[in-house]
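Down below is the structure, laid out as structure tokens.
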Amino acid sequence: MTNTAPATPASTLPTQYDPAAVEVALYQRWMQAGYFRADEQRVLSGERTPFSIVLPPPNVTGNLHVGHALDHTLMDILVRWHRMSGDEVLWLPGMDHAGIATQTVVERQLAVDGKTRHDFGRDLFVQKVWDWKHESGGAILGQMRRLGDSVDWDRERFTLDDGLSGAVQTIFKKLYDQGLIYRAKRIINWCPGCQTALSDIEVDHSDDAGELVSVRYDGDGFSIVVATTRVETMLGDTAIAVHPDDQRYAHLVGKTVTLPLVGREIPIVADDHVDPEFGTGAVKVTPAHDPNDFEIAARHDLPAIDVLTPDARITGTGTIFDGMDRFEARVAVKSALAAEGRVVAEQIPYVHSVGHCSRSDDVVEPRLSLQWFVKVGPLAEAAGDAVRDGRTRIHPPEMAARYFDWVDNMHDWTISRQLWWGHRIPVWYSPDGEMRCVGPDEQPPGEGWTQDEDVLDTWFSSALWPFSTMGWPQQTDTLRAFYPTSVLVTGYDILFFWVARMMMMGLYAMDGVQPFHVVALHGLVRDERGRKMSKSRGNVVDPLAWIDTYGADAVRFTLARGANPGADQAIAEDWVRGAKSFCSKLFNATRFALLNGAAVPDAPVDPAGCSAADRWILDRLDAVVAETTSLLADFQFAKAAEGLYHFAWDEFCDWYVELAKAPLQAGGQDADRTRAVLGTVLDALLKLLHPFVPFVTESLWTQLTGGETLVTAPWPGSTGRQPDPAAAAEVADIMRLVTEIRRFRADQGVAAGRRVPARIDAAQVAPGSARAAQSVVDQARALGRLSVADDGFAATAALPVPLSFGTVTVHIDTSVAIDVTAERARLERDLLAARKELAQTAGKLDNAAFLAKAPEKVVTGIRERHAAATSDVQRLAARLAELGGLAGGDGAPDRRGTPDGSA
RNA sequence: GGGCGCGUAGCUCAGCGGGAGAGCACCCGGCUUACACCCGGGCGGUCGGCGGUUCGAACCCGUCCGCGCCCACCA
């Protein structure tokens, strides 16, 4: 009936699970065995269904933080589940070259020796970055192994490797040739610290304290006051603007004023953009340093005067401010204006949104600059349509609104960066200004031509990741087998950053085929009080430290158990400790099973020969298999984990394993059957849990079954068996009875035994008595499982609990007085609850409208509850009467408050 | 300024139209032959406030209060 013997003798098993002892070795074994490798041919031949995920590539400079840990855990759960379900699984790993971040790391190293990248020149510097990458980059890959990510390492990619660079160049040229990439002088976000352009998403806005300064500009016989937070930029003013309908200024439109400190004559123009309600209703126009002003200037044909250097110093104004830093100049210009008596209004403190570089935190400067852009209009529209028409499903669906908000309002994307580390823009210029875009298979133009100095935004190559990693632009088997990918798992925080861009590029490059079938969004990981983690707050957790202490399984299970779709989760060390305990629980349950000779039977257990407990747990197992499978299909990781946790701990360990002890002890057929059921349930349970906690389950399952690995073991399916409600009812009765016995023992201070086949002997009942025992007896009688043999004064109440494996007898000494007070208190409380229930159900059943309109099963439920409450009230009241009546007269609690009604 | 979401036990969160739940914390009792990383028992909630719909509302609608997030060219 049983198969292979356990790999390790059960008796040698320690009593505690030690993750450190197994995790690293198991991962090694998995990798060597090649379980994580994908095979295109099995998909192309129709043998298997594909399931593919491309790992959002972490930065080459990065370490595994708790956000990655969540991301990766959820992906690994899906991937392992599908692999066990018989799909051909590809989980493709890799890293991002992370332009600014990586270049900064190396520049910082050079700075130690007082050098800059310019001391080495472009080629040598880039070589140094590669050297750094080979020596120190990619620490996160080892950390992914610790976590247990079952990625196909043979396919690891890097956004800057040859293949991906070719893909970048290919798509750049395609976009360029179709006019979807262009070069223009525009106001862009400029980081004076990094000295490069930034895209909108690389700018973080924060509400900073500023000062609104009102300055008087004089014209011929009139003056006009403007308000500004950036008084230093007035040096580059080329106009004053007012609203066309503003009667206060209508007569001034067309006249000129003299720009203070500079002396330039500038016109007053009328423009709709001006808000007459704000400030004085007049605004200074500085086209080179403000995007709005740039627009105004375009409408009125005004010049743009750039007064800032790349590192944000004043330049070219011919004033004493030239050479000053922008913030220094802000003070100096204001002083100079004040000295001329031009600062007219109070200096109003003003909080406004200021952009900061997401990398260096420098205040971003809107700057007029010649850059490359992607014309996102048609691409974004396609990206929106793919979700609108269901080619890509966003989960949970509420999040789609944010996606549309983004793709429907996207600005053209600034893709050039003034860096050296990255994909160099494949455009060449001839001496007479001609431009030529060079494809990957073309030779660069000859003598005299020079290549654009800039590199592409890192996100440009990341956006191609779902197909560039599969060999595009070649039509590879990998693409044919695994594109579109099955699902993208990511935090909602980068829905716009990355998802929208991958959608745009995927649809564009792959002729309308979307990069993912589903985008599954999870929330952010927060600290135990639900606060955002931040270095300054000191509440950032290191998942690797927790993995070291509690094991990767514990960290994974904690994260999965908190991962409700799209919702943030709090995490604390206590949670992880609890998850570790769960792993130990599994370990010990398996240990128990092995110690008792449990094994997986060759043929399914026949319920016909089973006890009620056996049939119940097998039915529950069936239900849990179905639940877990459907929850995973719906990305309900938290609920799936929670369901397994409760099944494993509360049902299997706390009840079935306890109930199994008697038949195991009894030996014979009962024991054989119980061993088979234990084996059957554990086998399936470990399989179901494997995606969540791969290490402990693998370690236990191989010992239990002697099997090779869970990684590729088949996912449990339905037995197709009809559940047995009689068995469930019988076990429910046993649970109620046992619980009542335990409660009695606790109340009466009777030494407790852990085992469910409870035994109360006369000698054990210290203050026990017949009436206390009656509580147990009544419960048993109510369940129809009691026969009392009264043998006189020291009567013995024998409770034969007819578990299918035998009868348990509870002996109760009726000769000793019980603790009447405690007993009565409980009875009163129970009676009160029963009466409340009675009144409630009676009210419902008296309600004609309810009876007429409520569904049948609801009414039946109420009737049952009413009947139960009726008998409870009678029984409890009778017993209470035996004990000397009610303490409070009618059993109502004393609810008097203070006279004034306060608590 | 626009959009989304959240307020349920001390904490973190499920439940989203028919008997208020879990984990942790807390209290009491137990080294019971798988497990003290354990076992048993218990305490604990006007489900943010107020209206409405309904036979019935934590759940649907309205409104108010309090939080959070995202987007936006808020001089």
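Below, read A as the first sequence line, B as the second, and so on, with proteins coming before strands; counting in each chain starts at 1.
With B:G18, B:C39, B:C69 as the candidates, the nucleotide lying closest to the side chain of A:Trp649 is B:C39. Residue A:Leu595 places its side chain closer to B:A34 than to any other of B:C37, B:G23, B:A34. Comparing B:G23, B:G18, B:A34 against the side chain of A:Tyr645 picks out B:G23 as the nearest. Residue A:Arg526 has its side chain nearest to B:G68 when only B:G18, B:A22, B:G68 are considered. Of the candidates B:C43, B:G40, B:A72, B:C43 carries the atom nearest the A:Arg829 side chain, counting heavy atoms from C-beta on.
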(request) Going 5' to 3' through nucleotides 3-11 of chain B, assign each nucleotide B (protein heavy atom under 4.0 Å from a base atom), S (under 4.0 Å only from sugar-phosphate atoms) or - (no protein heavy atom that close). (result) --------S

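In this structure, the side chains of A:Leu586 and A:Tyr17 stay at 4.5 Å or more apart for every pair of heavy atoms. You'll find the side chain of A:His273 reaches within 4.5 Å of the side chain of A:Arg299, heavy atoms only. A:Thr286 has its side chain within reach of A:Asp293: a pair of non-hydrogen atoms, C-beta onward, lies under 4.5 Å apart. Put simply, the side chain of A:Val257 reaches to within 4.5 Å of the side chain of A:Ile224, judged on heavy atoms.
When heavy atoms are screened at a 4.0 angstrom cut-off, A:Arg186 is found touching no nucleic acid atom at all. Using a 4.0 Å heavy-atom criterion, one finds that A:Ala572 contacts no nucleic acid atom at all. A:Ala570 comes within 4.0 angstrom of the backbone, heavy atoms only, and of no base. Nucleic acid contact class of A:Val285 (heavy atoms, under 4.0 Å, all strands): none.
Where RNA chain B pairs in unbroken runs of 3 or more (Watson-Crick or G-U, both distances under 3.5 Å), the stems are B:1-7 with B:65-71, B:10-13 with B:21-24, B:26-30 with B:38-42, B:48-52 with B:60-64.
The NZ-P distance, from A:Lys844 to B:G56, rounds to 9 Å in whole Å. As a whole-Å value, the separation of A:Asp18 CG from B:C35 P is 17 Å. For the pair A:Asp650 CG and B:G23 C1', the interatomic distance rounds to 10 Å; values are reported in whole Å. In this structure, A:His243 atom NE2 and B:A75 atom C1' are separated by 14 Å, rounded to whole Å. Rounded to a whole Å, the CD1 atom of A:Ile571 is 15 Å from the P atom of B:U12. Across the protein-nucleic acid pair, A:Asp408 atom CG and B:C70 atom C1' stand 15 Å apart, rounded to whole Å. Look at NZ on A:Lys853: it is 12 Å from C1' on B:U53, rounded to the nearest Å. If you measure from atom CG of A:Leu524 to atom C1' of B:C13, you get 16 Å, rounded to the nearest angstrom.
Comparing B:G7 with B:G49, their C1' atoms are spaced 12 Å from each other, to the whole Å. Between the C1' atoms of B:G62 and B:G1, the separation comes to 24 Å (whole Å).
Dashed line: the shortest gap from a side-chain N or O of A:Lys639 to OP1 or OP2 of B:G15 is under 4.0 Å. A close approach under 4.0 Å does occur between a side-chain nitrogen or oxygen of A:Asn564 and OP1 or OP2 of B:A14. Within the 4.0 Å cut-off from OP1 or OP2 of B:C38, at least one side-chain nitrogen or oxygen of A:Ser581 is found. Residue A:Lys585 places at least one side-chain N or O under 4.0 Å from the OP1 or OP2 atom of B:C39. Contact between the side-chain N/O atoms of A:Arg863 and the OP1/OP2 oxygens of B:G19 is not found at any separation under 4.0 Å.
Across every non-hydrogen atom of A:Ile187 and A:His289, the tightest pair is CD1-N, 4.1 Å. When all heavy atoms are compared, the tightest approach of A:Lys284 to A:Ile240 is CA-CD1, 4.3 Å.
In this structure, A:Asp237 CG and A:Leu235 CG are separated by 8.0 Å, a value rounded to the nearest 0.5 Å.
Counting distance only, with no hydrogens placed and no angle test, the side-chain atoms of A:Glu837 and the base atoms of B:G19 include a donor-acceptor pair under 3.5 Å. A donor-acceptor contact under 3.5 Å links the side chain of A:Glu658 to the base of B:A34.
Remark: the backbone N or O of A:Leu302 is not paired with any side-chain donor or acceptor of A:Thr238 at under 3.5 angstrom.
Remark: A:Arg248 engages A:Asp246 in a salt bridge (Lys or Arg N to Asp or Glu O under 4.0 Å) (not counting sequence neighbours).
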